[in-house]
Amino acid sequence: MRVLSVIAMLGFAGLVVYATSALPLRGDPDAPAHRYLSPYYVERSASEVGTPNIVTAVLGDYRSYDTLGETAVIFTAGVALLMVLGRGRKRD
Amino acid sequence: MTPHLPILIILPLLLGAFVVTLCGLWRPRSAFPLAILAVGASAAASIASLVETARAGAVRYALGGWAPPVGIEYVVDGVSAFVATVVAAVALLVLTATRRMADREMGDRPGLFYGAVLMMLTGLLGIVVTGDLFNVFVFLEISSLATYALIFMGGGRAMIAAFRYLIVGTLGGALYLLGVGYLYFSTGTLNMADTAARLPEILDSPAVLAGAALIFAGLGVKTALVPLHWWLPDAYNYAPSPVTALMAPIATKVAAYAMLRMFLTVFPAGYLAEATPVATVLLVVGLGGAVAGGAAAFAQSDLRRILAYSSIAQVGLIAAGIGLASPLAAAAALFHVMTHAVMKAALFLAAYSVRYRTGEVDIDRMAGLGRAMPWTMLAFTVAAVSMVGVPPTAGFFSKLYLAQAGLAEGLWGVALVVLVSGLLTAAYMVRILERVYLRDAPDGGSAAEAADPPADMLAPALVLASATLVLGLANVPIVTRLLVPAVGP
Amino acid sequence: MTDPHGSIIVNFIARIMMIPFIILYAFYVLVHGEAGPGGGFQAGAVLAAAVILSRLALGREQRIVSTGGLVILAVAGLLVYALTGVAPMFFGGEYLDYGRLPIPATDGIVFGRVTVRSIGVFAIELGVAMGVMGVLGAMFDYLTGAEWSGSDAG
Amino acid sequence: MLDELLGRYPYWATAVLMVIGLYGMLLKRSLIKKLIGLNVFQGAVILFFIAGSVKAGATVPVLIDEGATDPALYVNPLPHVLMLTAIVVSAATNGLALALMIRIFDGHRTLDEREILERPART
Amino acid sequence: MSPLIAVAVPMAAAVPILLSGRRPNLREAWSLAAALATAGAVWSMLSGTLAGEPAESVLFELAPGAAIAFRADAAGMLFAMLASGLWVVTTVYSIGYMRTLEEGNQTRYYAAFALSVGSAVGVALAANLVTFVLFYELLTLATYPLVTHHQDAASIRAGRKYLAYTLTAGLALIAATAWLLALGVDATFEAGGFLAELTGRGGVLWGLFALLAAGVAVKAAVMPLHSWLPAAMVAPTPVSALLHAVAVVKAGAFGFVRVMGYVFGPALLADMGALHVVAAFAAVTLTVGSILALGMDPLKQRLAYSTVSHLSYIVLGTAILAPAAWVGALFHMAAHGVTKITLFFCAGAIHAHAHKDRVSQLDGIGWRMPWTMAAFALASLGMAGLPPFMMFASKWYLGAGAVDAAMVPFLAVYVLSGVLNAAYLFPIVFRAFRNVPVEGHAERSASVDEASGLMVVPLMITAGLALVLGLAPDAAFGFMELALDVSAAVTAP
Amino acid sequence: MIWEIELTLFFLLVLTAVVALETRDLLAAVVALGVFSVFTALLLAVMGAVDVAFTEVVLGAGVTGVLLVAGIARMDRRSVD
């Protein structure tokens with residue numbers, strides 16, 4: 001098990017380092033992620049949503065459904081916690 | 001309502017979870033009917049969307065009114081409508097059947113239990129209908145968190161099993177997220193279809209390969225593919241009965257569906273199979289898991305454990321079907337998703353009916369149950385026969401299609417492993433059935449005084465068992481009219 | 001660490017100075033989230049911090065909100081979010097399509113106007129803040145093993 | 001060469017952190033240590049995403065005024081949104097994990113995974 | 001009358017049988033009614049088949065390109081007539097046997113029996129390979145509860161062995177079917193074979209042949225795949241009589257008929273040279289089976305090895321390919337069925353009534369159970385192939401076929417085996433009629449003490465059939481006509 | 001944006017991660033994890049992600065830290081490895 005774990009770690013490290021050779025350089029303004037989609041949010045959020053904070057605009061509107069999911073995660077954790085800790089436990 | 005169908009699959013569950021939790025806190029008896037109502041509404045929406053997609057093709061739904069790739073979209077095509085229908089319908093039957101077990105084992109606060117169950121289903125169905133890579137992660141975490149807590153409620157060993165699953169499951173989620181990151185920084189988009197459109201220019205990039213590898217590693221944990229499967233037996237074994245009965249048929253299948261989605265929608269056709277070792281690894285791991293899981297199941301004597309290892313084996317077959325990366329194989333994998341969900345649900349329901357009546361889970365102590373609980377065991381037997389893959393049950397046809405898909409690719413090994421796994425399944429199922437039918441109950445044992453459970457537990461098990469027969473006989477229209485067009489190019 | 005410290009100074013500082021300020025700050029964060037860094041999560045987390053601090057400093061004596069209240073707050077927050085999403089569906093929009101909310105857009109605060117969408121965003125941020133506050137606060141109560149008074153959830 | 005090095009080191013640094021996290025998750029026996037490893041891993045993933053969002057010469061994605069909507073001025077906001085979600089998810093996971101641990105500790109009086117697993121089942 | 005009804009009646013009958021478990025008389029009435037109805041349904045199709053217009057029914061598609069379809073062609077009718085006709089007699093016999101021994105689990109027994117016969121009829125009337133395999137697998141499952149009927153350690157072990165062999169064989173058949181479907185071949189049985197389009201693809205053909213032949217060889221108990229059959233003799237005797245002498249094993253032999261005559265066809269087989277392989281295995285099994293039977297003391301074991309040997313008569317006959325050999329092989333199915341079931345009935349009557357299972361215990365039993373042993377003697381004569389019994393005709397044709405095909409060594413094998421048949425059966429008859437006191441009945445050695453009429457009458461009927469149908473093969477049931485039809489169709493140039 | 005600061009912070013992150021994993025005192029480990037979160041937040045802020053940094057401080061270091069400390073207080077402080 002330990003040996004397998006170490007192999008998995010090394011394999012993971014190798015994969016990640018190998019893959020980074022193809023990622024755009026940090027700060028490169030021509031990276032695909034910067035040239036596609038992201039300009040849309042910057043240019044349009046003020047007029048379409050009306051909030052200067054682009055992150056809020058994306059979070060609250062363009063990708064609002066993710067945020068709903070995220071809130072649901074929090075809620076799930078709450079329900080889970082109530083379930084886990086709320087029953088049959090010694091009060092101290 | 002038709003244009004809203006995709007979100008209507010999710011909304012009843014999500015809103016239902018809140019309502020059930022709130023109402024459950026102050027009126028516990030209302031939790032179960034509300035939960036059933038929510039799941040039923042979701043199942044109805046799923047079936048409606050299945051009809052709609054078969055009639056008019058995929059339904060796309062831009063959440064928030066933002067057209068993708070700017071916003072998140074829900075896509076219900078033939079594949080996702082099919083899987084959603086299977087998941088919702090099986091969940092509905094299982095929830096109905098396990099009400100008494102839930103009352104007994106999850107006792108005093110059903111509101112929280114059903115709230116968590118609905119959140120789990122929200123997460124699973126969310127993964128099924130979404131068309132956005134990051135959204136998959138969010139819903140994966142919703143279902144995972146609910147699952148950890150539900151497993152934990154088994155107490156005792158379940159607690160550590162849940163914790164181990166939490167660590168490895170969250171790691172799986174993080175790996176998936178990292179993989180999505182690689183894809184995002186290579187393409188600049190998170191939408192699945194858009195990713196597929198932008199990937200072809202940069203296919204030889206190592207980053208795309210690493211993204212694919214990480215995504216599949218992450219989903220592999222959730223699917224319980226063989227080197228990453230070790231969390232599953234303990235989790236299924238020690239979790240409360242209703243939880244296992246609900247999880248076992250659908251949870252791993254949805255992760256497998258997500259893998260298939262990667263093949264069908266995200267990566268360009270042929271990329272995973274030809275340019276990367278991902279498909280090959282999936283095939284090998286799946287086939288290996290099918291054999292290893294079957295062999296491991298044979299070595300167990302706890303019925304729940306046998307079924308858990310059997311799940312690992314069957315999921316291996318599904319993964320192999322995905323790894324074959326041909327339309328026929330994908331259809332076979334999807335058909336097996338349905339088949340296995342139905343069979344496993346029937347098996348677990350029967351197993352837990354036994355536990356409900358006698359408290360026994362060890363197959364050596366189930367002697368004579370064939371006489372004591374004839375209908376329960378009839379459901380079990382039919383599902384077991386289907387699991388072995390005897391015609392004309394559904395289990396036979398999913399294996400037939402899989403073997404055919406393998407032969408069509410010129411891969412003998414696939415057909416061979418399918419056969420061997422069928423034999424292994426027969427070996428451990430016969431071990432159980434021999435004890436149940438052919439040994440007499442020991443005097444004074446609890447098995448001797450057992451009787452079939454109440455109708456509300458028995459009926460869903462029988463419905464599921466007969467579904468294996470009906471779906472088997474109706475396999476041709478399902479596969480040729482629904483699945484093959486759905487996965488077709 | 002969950003007992004009241006009994007120190008009148010701690011009590012005074014917490015009750016009179018810190019907690020109101022934290023709550024005020026949280027609302028600032030929430031509102032400011034439209035224009036600067038901040039938003040529902042952060043506000044919720046800060047509010048939760050206020051709740052936690054009140055429990056640490058004031059112990060069982062406090063009356064800000066009970067554990068059960070936090071739970072209900074959490075669910076209510078989520079319902080606010082989810083139903084804000086449902087509402088546009090009755091006005092011909094998609095789920096979460098705030099642009100279809102039947103609110104007359106008014107000129108005003110930010111960049112000279114408030115759009116319907118930004119009102120929608122504010123509504124869901126409010127829901128998120130309630131939800132996060134409720135869950136994190138309840139989480140603390142349960143993890144420290146002391147469900148505060150008025151709890152019907154314990 | 002130096003550009004290359006400077007351009008990629010955040011990825012390597014996050015990779016180092018991820019491996020440290022994996023080490024904690026896979027090889028540590030204490031449940032808390034596993035959880036810490038998980039946190040380190042998730043933190044590294046968050047850093048990875050944000051490192052990818054950086055754009056030379058750009059600033060915080062809050063519009064300076066309504067007209068200033070040149071994309072070159074602001075860093076990519078999308079990874080920020082994603083990571084906000086990821087952080088919340090990670091916090092929720094932590095809370096649940098802690099709850100599970102407390103109950104496990106109540107039952108076993110230890111957090112050593114091996115010791116717990118070696119004990120006879122107590123169902 | 002459609003073939004579907006003939007298949008559906010016995011299967012459906014399992015339901016009322018299961019439901020009337022508390023009322024034995026009603027349950028057995030259902031069984032008998034189902035048996036009569038099935039036999040009637042099959043019989044009603046005979047004239048159409050003989051007139052060259054076999055009844056057909058096609059259901060829905062079971063697998064893409066392959067529907068569940070039934071067709072009462074000559075070969076199928078022969079087997080279906082045999083199985084359904086003998087089921088009627090066996091049901092009567094079962095009632096006597098099970099009541100005499102006061103066996104447990106009788107409801108399960110009758111239900112499984114009905115399902116087994118239904119599956120056998122399904123195998124017989126299947127119009128394509130997919131349907132064939134479907135019912136072949138169902139037959140395996142339906143007979144499993146019968147093999148393990150006694151639920152003791154020995155029968156559970158035998159059941160496991162049975163399943164291991166037959167399920168593996170089923171998988172081989174399934175694999176072959178899947179392969180054919182993958183090749184896009186329409187797997188509808190056709191006299192003379194449907195694989196002509198694959199001519200020249202030696203690897204594929206041999207692969208298919210190996211899978212199909214292995215699949216049917218297990219149920220046909222061709223050595224070295226035979227050992228489940230003697231083990232399965234732990235089942236109650238009516239099961240051994242109908243299923244392990246007629247329905248199940250004949251399904252295997254019938255499978256050979258289908259594979260050799262209707263899948264590959266003589267031309268392709270001769271082209272491949274596969275005949276010699278089959279013939280070699282069959283000849284060895286035929287001889288070795290007979291020799292092993294000689295040494296068996298338990299009566300049912302001796303009969304089991306005899307069955308092993310006789311199944312290979314049929315297999316060898318299909319492999320010889322001469323028209324006469326095919327007539328012989330087909331008629332031998334009927335002849336062996338009628339004759340061997342008599343022998344098993346006798347063994348069962350002796351077991352149930354006198355509690356004797358071994359040949360060495362049978363001294364003088366003939367005086368005590370004269371009718372039974374008379375039938376046994378008749379059937380033994382029949383088995384040895386003496387005229388005018390049915391088996392004389394079948395063996396005659398088989399031998400003639402061997403000569404026609406210039407395969408004289410096989411004639412020698414048939415003759416030798418005939419001698420061996422006599423050698424392992426006649427001593428039993430001699431022992432039974434030796435003038436010594438029956439063990440445990442010293443003072444009443446000569447007084448008649450027969451088994452229940454419900455057992456004796458059926459066995460006398462089948463013994464009589466073996467004689468009458470030998471004297472006049474065309475008198476009833478049309479076995480000979482059907483055999484001639486099959487032979488003509490399959491071996492037509 | 002200044003790579004020297006980033007590099008220093010990365011180095012500190014690795015250091016705190018190792019400390020958090022290797023110390024036998026769980027309270028110290030949890031505190032180290034909190035410090036890890038704060039450094040992460042600083043790094044995020046340096047990279048221009050102020051929203052994320054804010055959230056990381058409040059949730060990662062603040063709430064999670066308090067929860068973990070509260071949890072450890074109820075459990076065994078010593079660790080086996």
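Just so it is clear: chains get the letters A, B, ... in the order the sequence lines come, proteins before strands, and each one is counted from 1.
Heavy atoms closer than 4.5 Å to chain D are found in the side chain of B/F152, but not in its backbone. At a 4.5 Å heavy-atom cutoff, the contact between B/L190 and chain D is made by side-chain atoms alone. Neither the backbone nor the side chain of D/T14 comes within less than 4.5 Å of any heavy atom of chain B. In this structure, chain B has a heavy atom under 4.5 Å from the side chain of D/L38, while its backbone stays farther away.
Atoms CD1 and CZ, on D/I116 and B/R164 in that order, are 10.0 Å from each other to the nearest 0.5 Å. With rounding to the nearest 0.5 angstrom, the NE2 atom of D/H108 is 7.5 Å from the CZ atom of B/R157. Atom CD of residue D/E113 and atom CD1 of residue B/I167 lie 9.0 Å apart, to the nearest 0.5 angstrom. Atoms CG and CD1, from B/L178 and D/I46 in turn, are 11.5 Å apart once rounded to the nearest 0.5 Å. Atom NZ of D/K34 sits about 10.5 Å away from atom CG of B/L171, to the nearest 0.5 Å.
Considering only heavy atoms from C-beta on, D/V89 stays 4.5 Å or farther from B/L145 through its side chain. Residues B/F134 and D/L78 have side chains not in contact (no heavy-atom distance under 4.5 Å, counting atoms from C-beta outward). Using a 4.5 Å heavy-atom cutoff, the side chains of D/M83 and B/L177 are in contact.
The residue among D/L26, D/L22, D/L96, D/V45 with the most heavy atom pairs within less than 4.5 Å of chain B is D/L96. With respect to chain B, the highest number of heavy-atom pairs below 4.5 Å among D/V88, D/L82, D/L35, D/T85 belongs to D/L82. Ranked by heavy-atom pairs shorter than 4.5 Å toward chain D, the options B/F163, B/F137, B/Y184 are led by B/F163.
Closest heavy-atom contact between D/F49 and B/V180: CZ-C, 4.4 Å. When every heavy atom of D/F41 is checked against every heavy atom of B/L175, the shortest pair comes out as CZ-CD2, 3.8 Å. When all heavy atoms are compared, the tightest approach of D/A97 to B/L166 is CB-CD2, 3.7 Å.
Every residue two or more places apart in sequence or in another chain was checked for a side chain to side chain contact (heavy atoms under 4.5 Å, CB included) with B/E201, and none qualifies.
Aromatic ring centres of D/F48 and B/F185 lie closer together than 6.0 Å.
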